[in-house]
Amino acid sequence: MKTAKKGITILLKTGILVAAALPQVQSNAAVPPGAQFGSGNPFYAPSTLPLQAPPFDKIKDGDYQPAIEAGMAQQREEVRGIAENPDPPTFENTLVALEKTGQLFSPELEKLQEIEAPKLAAHKDAIFLDSKLFQRIETIYKQRESWKLDAESLRLVEYYYEEFIHAGANLSEVDKAELKKLNEEESTLSAAFSNKLLAATKAAAYVTKDKSALAGLSETRLKGAAQAAKDRKVEGYVIPLQNTTQQPDLASLSQRGTRQAIFENSWNRAERGGANDTRDTIARMAQLRAQKAKLLGFASYGAWKLQDQMAKTPEAAVKFMDALVPGATAKAVAEGKDIQALIDAQKGGFQLQPWDWDFYAQQVRKAKYDLDEDQIKPYFELNNVLENGVFYAANQLYGISFKERHDIPAYHPDVRVFDVFDADGKQIALWYCDYFKRDNKNGGAWMDVFVNQSKLLSTLPVVYNVANFTKPAPGQPALIGFRDVTTMFHEFGHGLHGMFANTMYPALSGSQVARDFVEFPSQFNENWATYPSVFSHYAKHYQTGAAMPAELVAKVKKASKFNGGYALTEVVAAAELDMQWHTLPADAPLEKVDDFEVQALKSKNLFLSTVPPRYRSSYFAHIWQDEYAAGYYAYLWSEMLDHAAFQWFEEHGGLTRANGDRFRQMILSHGNTEELGKTYSGWMGGEPSIEPMLKFRGLVPEEHGK
Ligand SMILES: [Zn+2]
C-alpha cells in the first residue's frame, strides 16, 4: 500500500507557489534590494549544468533557507509589479508574467518545508487574496473568448481564475478577513495536531525489560529494540510505533499478551486524555473546515476541495467507495475464517482479534504459498531490475533509452544520474535515482522534480526518484524483495509523467495534476513488473543468470494478492471516515470523536471487530496534517483508473510501441492542460469502469472459460 510519502510530494501545487517556495535554478528577475542571498549562495546564479541541473557540489545546507526566504520576497515584488502594472491586463502581461516567476528546485528539504510552512501559508494568502491581481485575472477570464487563445493558454486562464476563486479571491473584504482568520486557526490547529501526535506516538511505544515478551522477533529486530531503548536511555527494549493502526512486529511476536499491548498502545495513542490527546483539536478542525467551506459558497469542505479533482464531488467519490465495500469486507471476513480455523487447529482457544491478524495471516500465507523471500531475492538484483526491467519496459513501450553519466554532481554518492533519450536520439530529460536508506533520510518512496518542463521557459524536465531499500555491504549486490521491485516501477511511472511532459506553461506541466489522478501513471506502470515478457527479461538469478522457475513465478504473483480483503477494507474504512469528517455541514456541533467514528463506520458496514481502519481519526495524519483532507479516496480512485487502463492495453495487444506512444501522447505528456476526466475518456474511448479493479482485487467471482 502507498503512504503519503510514497506519492509525489505535493506540498505546493501551483506553479507560482512552487516558484516562491523553493530557490530558483533560473534567475529570471533581478534580485530585489534587501534579499538575503549571500554572494556565495549558488541559488543566486542560474545553473550552468546540462538541463539546468542543480549544482549540488556547490550547495551547502545553510544555503536553502535564506534562498527560500529571498525567493518569497522576490516573488512578492514580482507579483506586486504585475498587480500594479498601469497597462490594462493582458494574457501576456499578467498570466505569462506570473508563469515566468521561476522554476522549482527541491531536493531533500522536508524539514525546512516544515519550518517554512506557516510563512508559505501566509505567502499564499498574500498572493491569492490580492484583489488588484485578482481583478486583472478576472478581467482576462471574462474576456477569454475574445483573446483568440490556443487551447493550452485558455486552460491557463481558467486554471488561474479557478485557483483564485478556490482560495477566496472573489469574497468581500469582510469575508476575506474572516477567511484569513479561519485559515490561520486551521494552520495553528494542524501544527498543534502534529506536535501532539508526535509526542503521543513517542510516549505510546511499547517498553519491556522482559526479553521473553518479545519471543518471535528476529535477532536483527531484537537488536533494533535494544538500541531504541538505549537511545531513549531506558532499560530493556523499546518497540516504537509506526503511523498505521497495525504494527509490523505484530506479524512475528508469538506472545499474545505482547501483541495486544502493542496494538492497544497504537489504537489509543492519541486518546489518553491530557496534553497529547488530539480529539478536541480534530473536532474543531472538522467544524472549522465546514465553516470555511460555507464562507466560500459550498455545502461542505469536501465539496469545496473536490471541485477541481477528477471525481468533482464527494458524492461521486463516496459512490465509488461504497461499491468497494461489499466485496472487500466479504473477502476480509473469509480471510478471518481461514485464520480462525488455523487458531482452532492449533487449539488456541480464543476468538481472533485485530492484534492476532498479521501473526496468523503470515502462517496461512506460508501454508498456502510456501513462499520464502530469501528464495526470490537472488532473482531481483537492483541494477538488473532497473536496466532490464524498469528501463526495458519503458523502451519497449515508448522507445526511450538511458545512459548513466558521472559528471553531474549529486547530493549523495548513492545518487545516480541518467540521460534520457527519445527514440530519435534527442535528449528529453535527466533522471536521478536515490534508492538506499540513510539515517537522515525520510522514510518511504517518492518522485519529484528539480526542474519542471516548460516550452515557455525552454526547460526540459529534471526528475528524481527516491526510495529506502536496504543498502548491501560494500562489494555485495543489492538483492531486493518483490515489493521493492514494484516500488521501483511505481515511482518510475511518476517519473515518466514528469519526463514526458510537453506543455508550454510550467503551472500545467507534468505530474502537477489532481490528487485523484496523480497516482494513475505510477500505479499503471506497476503492471509491467509482472507482465510476462518484462518479468522474464529481468527476473534472472544474479549469479547464474538462470530465469526464475515457473512455479516460483506463480507463487510470487499469487502471494502478492494474499490478505487483499484486509488490506483493502482497512483503506476503504479510512477513506470513508475521511469523507464523513469532511462532509459535515457548517452548523454541525463539535462532534464527539469516538462516537462519530463508530457511527461513520457503522453507516458504511465497515465497523468490523477484527479489521479496524488503517488510521483512526485521532491519528489520521494524512487528513489533519498532510493535505489529504477529503482526499484519501484518491489512492483508490487512481487504482480504478489504473486497472481500467491496463485492461484497455490487454484488449489492444498489450505491450506495444503503438499502445505506448498513444498513451504517452494522450495521457502522460498532457499534464494538466485539459480537464482530466476528458483526457482519460479521450484516450480510453469511454468512462473508467470499476469492474477491472474489482476483478483484479478478486472481489467478483472469476469468469470461467475466458
Ligand atoms: Zn505514487
Side-chain angles (χ1 to χ4, degrees), residues 1-3 5-6 197-198 200-232 234-270 272 335-336 339 342-343 346 348 350 352-367 371-374 377 437 439 442-445 468-470 480-484 487 559 562-563 566-567 569-571 574 610-616 619 621:
M1 189 55 214
K2 291 86 204 168
T3 65
K5 271 290 137 53
K6 187 155 179 183
L197 181 57
L198 198 69
T201 304
K202 193 170 178 216
Y206 176 78
V207 185
T208 183
K209 289 179 194 164
D210 176 12
K211 193 176 174 184
S212 68
L214 301 179
L217 285 192
S218 68
E219 273 309 309
T220 319
R221 276 299 300 131
L222 266 179
K223 270 188 201 152
Q227 186 59 46
K230 237 184 221 163
D231 293 346
R232 292 186 183 205
V234 296
E235 246 183 89
Y237 304 88
V238 170
I239 310 270
L241 291 183
Q242 298 209 354
N243 67 339
T244 47
T245 296
Q246 290 289 2
Q247 300 297 310
D249 288 329
L250 297 186
S252 36
L253 287 162
S254 58
Q255 297 289 324
R256 191 159 189 250
T258 309
R259 291 202 301 267
Q260 181 173 356
I262 291 176
F263 179 88
E264 284 174 351
N265 282 7
S266 172
W267 185 244
N268 298 315
R269 70 180 81 176
R272 296 169 150 192
E335 289 163 2
I339 291 174
L342 184 72
I343 292 170
Q346 295 177 1
F350 58 84
L352 169 67
Q353 295 293 334
W355 48 87
D356 301 315
W357 190 287
D358 286 350
F359 181 72
Y360 289 96
Q362 284 301 332
Q363 296 180 38
V364 175
R365 179 178 190 252
K366 207 160 178 353
L371 183 69
D372 184 353
E373 277 279 296
D374 293 335
K377 280 183 176 176
K437 205 193 291 275
D439 281 348
N442 281 302
N468 271 279
F469 306 148
T470 305
I480 59 178
F482 189 64
R483 250 183 88 103
D484 292 346
T487 299
F562 177 69
N563 209 38
Y566 187 102
T569 302
E570 65 164 359
V571 170
T610 53
V611 190
R614 187 169 167 84
Y615 307 95
R616 201 180 189 186
Y619 53 87

| request: List the steps and the verdict of side-chain contact (heavy atoms from CB on, under 4.5 Å) for Phe350 and Asp356. | output: CA-CA 10 Å; Phe350 58 84; Asp356 301 315; 3.5 Å; yes
| task | Run the numbers on Ile262 and Trp355 for side-chain contact (heavy atoms from CB on, under 4.5 Å), then give the verdict. | result | CA-CA 8 Å; Ile262 291 176; Trp355 48 87; over 6 Å; no
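In summary, the side chains of Asp358 and Gln362 do not present any donor paired with an acceptor at a separation below 3.5 Å, with no hydrogens or angles considered. Looking only at atom types and distance, the side chain of Tyr619 has a donor-acceptor partner in the side chain of Thr245 under 3.5 Å away. Using a 3.5 Å distance cut-off with no hydrogens or angles, the side chains of Gln247 and Tyr206 do not pair a donor with an acceptor.
Note that OG1 of Thr487 and CG of Asn468 are 10.0 Å apart. Values are rounded to the nearest 0.5 Å. Considering CD of Gln242 and OG of Ser266, their distance stands at 9.5 Å, rounded to 0.5 Å. Taken to the nearest 0.5 Å, the CZ atom of Arg614 stands 5.5 Å off from the OG1 atom of Thr244. Rounding to the nearest 0.5 angstrom, the gap separating the CG atom in Asp249 from the CD1 atom in Ile239 is 4.5 Å. Gln260 contributes atom CD, which lies 6.5 Å from atom CZ of Arg256 (distance to the nearest 0.5 angstrom). Summarising the geometry, atom CZ belonging to Phe359 is positioned 9.5 Å from atom CD1 belonging to Ile343; distances are rounded to the nearest 0.5 Å.
A search for side-chain hydrogen bond (donor to acceptor under 3.5 Å, both in side chains) contacts involving Asp374 returns nothing, not counting sequence neighbours.
In terms of heavy-atom proximity, Ala270 sits nearest to Ala200 at CA-CB, 4.2 Å. Taking all atoms of both residues into account, the shortest heavy-atom contact from Pro613 to Trp267 is CD-CH2, 4.0 Å. Shortest non-hydrogen contact noted between Val238 and Ala228 is O-CB, 3.6 Å. The nearest pair of heavy atoms linking Pro240 to Ala205 is CA-CB, 3.8 Å. Nearest approach of Arg259 to Ser254, heavy atoms of both residues: NH1-O, 3.5 Å. A pairwise comparison of heavy atoms in Thr258 and Ala213 identifies OG1-O, 2.8 Å as the closest pair.
Using a 4.5 Å cut-off on side-chain heavy atoms (C-beta onward), Val611 and Trp357 make contact. Side-chain contact between Gln246 and Phe263 is present, with at least one heavy-atom pair separated by less than 4.5 Å. Using a 4.5 Å heavy-atom threshold, the side chains of Arg221 and Leu214 count as separate. At least one side-chain heavy atom of Lys202 sits under 4.5 Å from a side-chain heavy atom of Arg232. Counting heavy atoms from C-beta outward, Arg616 and Asn268 have side chains that approach closer than 4.5 Å. For the pair Ile339 and Gln363, the minimum side-chain heavy-atom distance is 4.5 Å or more.
Residue Glu219 qualifies as open at atom CD: its count of foreign heavy atoms under 6.0 Å is 12 or below. In the displayed structure, Glu235 atom CD is contacted under 6.0 Å by at most 12 heavy atoms of other residues, nucleotides or ligands.
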